[in-house]
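Heads up: the structure comes next, in structure tokens.
The basis for the numbers below is simple: all heavy atoms, side chains too, and nothing from hydrogens, waters or symmetry mates. First the proteins, then the strands, lettered A, B, ... as listed; each starts at 1.
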Amino acid sequence: MAIYQALLELADDHLVLGHRISEWCGHAPMLEEDLAMPNMALDLIGTSRTLYEHAGELEGKGQSEDDLAYLRGERDYRNCLLVERPNEDFAHTMLRQLYFAAFMYPYWIAAEKSSDEVVRGVAGKAQKEMAYHIRHAGEWVIRLGDGTDESATRMREAVDALSIYVDELFDSSPAAQEAEAAGVLPKRADLRAEWDKTIAQVFDEALLTLPAVPFAQRGGREGLHDEGLGHLLAEMQSVYRAHPGARW
Amino acid sequence: MYSQGLIGADGRTDETPEFLEAFQQRVDAEEKIEPTDAMPEGYRRTLVRQIGQHAHSEIVGMLPEGNWITRAPSLRRKAALLAKVQDEGGHGLYLYSAAETLGVSREQMTEELHSGKAKYSSIFNYPTLSWADIGTVGWLVDGAAIMNQIPLCRCSFGPYARAMIRVCKEESFHQRQGYEIIMTLAQGTEAQKEMAQDSLNRWWWPALMMFGPHDGDSEHSDQSMKWKIKRFTNDELRQKFIDATVPQAEYLGLKVPDPELKWNEEKGGYDHGEIDWDEFWRVVKGHGRMNRDRIKARKAAWDNGAWVREAATAHAEKRRTRRMAAE
Ligand SMILES: [Fe+2]
Ligand SMILES: [Fe+2]
Ligand SMILES: [Fe+2]
């Protein structure tokens with residue numbers, strides 16, 4: 001059960017962030033980004049599907065990927081707070097992506113040593129995707145940080161707004177701790193140095209500094225979310241829940 | 001998607017009869033006209049307008065479908081819809097590039113879309129009101145687009161013809177995917193069946209309108225045919241579409257909302273009721289349900305993104321300056 005829970009945390013991170021990026025579709029600042037952002041959303045949603053399916057199998061109660069995605073409410077979602085933060089503007093969106101990918105990239109590299117075959121399979125594919133997300137989002141953070149006065153201001157505001165959600169990435173819930181001890185998932189706390197390094201490189205070029213965080217926000221892993229997640233799920237789950245048992 | 005069959009060729013020209021004759025001979029010989037070739041100004045203007053309109057249709061078309069990405073009722077459908085809408089954006093980009101070979105910039109075309117000077121397919125001025133609409137749009141709208149675009153793969157203008165070959169492959173994938181969504185609904189619960197029928201009821205006539213006015217009412221269509229930009233008339237294409245689509249609806253047990261629809265053995269095609277041309281022209285002229293919202297959304301995306309584009313330009317400039325200073 002612990003491994004099931006830990007996989008859900010990971011799957012929820014990917015689905016919620018993929019959903020958030022997909023909200024941009026058709027509204028991006030330029031056509032090139034209207035093509036790039038769905039790519040990232042597709043990567044994330046694709047990973048979530050494999051993880052949900054695998055979690056459902058391990059649980060053994062016949063829950064499909066869609067049951068897990070569409071029938072759990074906000075208190076049951078276990079994603080970290082960072083991924084549910086609203087898009088706000090392009091600076092927030094790209095920084096959120098960079099923060100997440102800078103965490104997931106070393107995570108998936110470490111997960112190649114997982115004792116779980118499905119996790120190893122995801123790790124191979126997802127680390128390449130995360131490398132691309134770091135590059136794409138990182139380049140934008142640099143352009144915006146070292147662009148115009150307005151873009152630099154917006155970028156600094158994004159850093160200020162999102163940095164309080166970073167520490168939570170490296171926390172392991174009791175379920176995750178069990179999965180880590182069993183060798184199924186990598187130890188989150190071990191990835192901090194790598195994350196710091198990636199961000200430092202980007203921020204150096206972007207003329208940004210990582211602020212001191214007086215109080216880091218936490219709670220996603222216990223289902224204690226911000227107010228926005230309930231709305232996201234209400235929208236996402238509306239059709240599925242209106243037609244119980246229907247196939248799509 | 002597709003620019004509806006409204007584009008009349010612009011026949012005005014200052015060229016000599018000899019030049020026009022020589023150009024016509026190249027077209028008649030099925031030679032491809034390339035961007036650097038000499039061409040009549042009217043030919044160039046017609047293509048700029050048509051390709052631009054087509055590109056805008058792809059971009060505006062992302063909005064009604066994007067409307068359901070966040071509500072797609074399964075993760076598989078969500079991913080497929082995201083990929084589809086992304087494809088449409090890719091078509092837009094590809095078409096803007098084709099138009100740019102004729103000397104008009106993407107910015108300029110975008111401004112014309114926002115000011116209302118340039119049109120896009122009226123089909124996107126109808127709202128998507130249920131998940132079934134995502135299936136119907138793929139099935140009917142991409143289906144009609146394919147009918148229009150397959151002949152364009154042989155268009156006399158090389159870049160447009162080549163763009164269409166690539167685009168048509170993806171559109172036919174979209175069409176099959178849309179049909180499969182509707183099939184799943186038609187074989188589903190009562191509520192799903194109703195959703196599918198309601199959706200067909202709302203989209204059938206607008207889909208037929210995508211082919212444009214009757215041949216007799218379509219201005220300058222002859223010149224486009226002569227230049228081999230167009231290969232079939234509006235009514236011919238519409239008939240093909242109806243003949244291909246009605247059996248697909250019947251197979252699903254859905255009713256096409258046209259009481260006059262009847263198989264005509266003699267002509268080997270369906271007879272059908274008259275399109276509401278008042279509605280057609282009303283929507284073309286900007287009074288459809290979604291005309292204002294669509295342009296408003298496109299403008300908002302563009303305006304809200306201005307600071308991002310400016311930053312990208314400023315950053316590129318800074319890098320260039322630094323590189324030069326280092327040399
Ligand atoms: Fe198209
Ligand atoms: Fe398209
Ligand atoms: Fe399409």
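A salt bridge does not link A:Glu65 with B:Lys78: none of the charged nitrogens is closer than 4.0 Å to a carboxylate oxygen.
Remark: A:Arg85 engages A:Tyr165, A:Asp226 in a side chain to side chain donor-acceptor pair (under 3.5 Å) (not counting sequence neighbours).
Residues of residues 240-248 of chain A lying under 4.5 angstrom from chain B, judged on non-hydrogen atoms, are A:Tyr240, A:His243, A:Ala246, A:Arg247, A:Trp248 by number. At a heavy-atom separation below 4.5 angstrom, chain B is approached by no residue within residues 116-126 of chain A. Applying a 4.5 Å heavy-atom cutoff, the residues of residues 176-189 of chain B that approach chain A are B:Thr184, B:Leu185, B:Thr189.
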Between A:Glu32 and B:Arg106, does a salt bridge (Lys or Arg N to Asp or Glu O under 4.0 Å) hold up when you go through it step by step?
CA-CA 12 Å; A:Glu32 285 76 2; B:Arg106 204 208 300 179; 2.5 Å; yes
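At a 4.5 Å heavy-atom cutoff, the contact between B:Ile69 and chain A is made by side-chain atoms alone. For a residue to count as touching a neighbouring chain, one of its non-hydrogen atoms must lie under 4.5 Å from one of that chain's; by this rule A:Leu15 touches chain B with the side chain only. Neither the backbone nor the side chain of A:Glu53 has a heavy atom closer than 4.5 Å to any heavy atom of chain B. Heavy atoms of A:Ala28 lying under 4.5 Å from chain B belong exclusively to its backbone. Contacts between A:Phe90 and chain B at a heavy-atom distance below 4.5 Å involve backbone atoms as well as side-chain atoms.
Minimum heavy-atom separation, B:Thr70 to A:Ser22: CG2-OG, 4.2 Å. Considering all non-hydrogen atoms of both residues, A:Gly26 and B:Leu63 come closest at O-CD2, 3.9 Å. Across A:Gly147 and B:Lys318, no two heavy atoms sit closer than the pair O-NZ, 2.9 Å.
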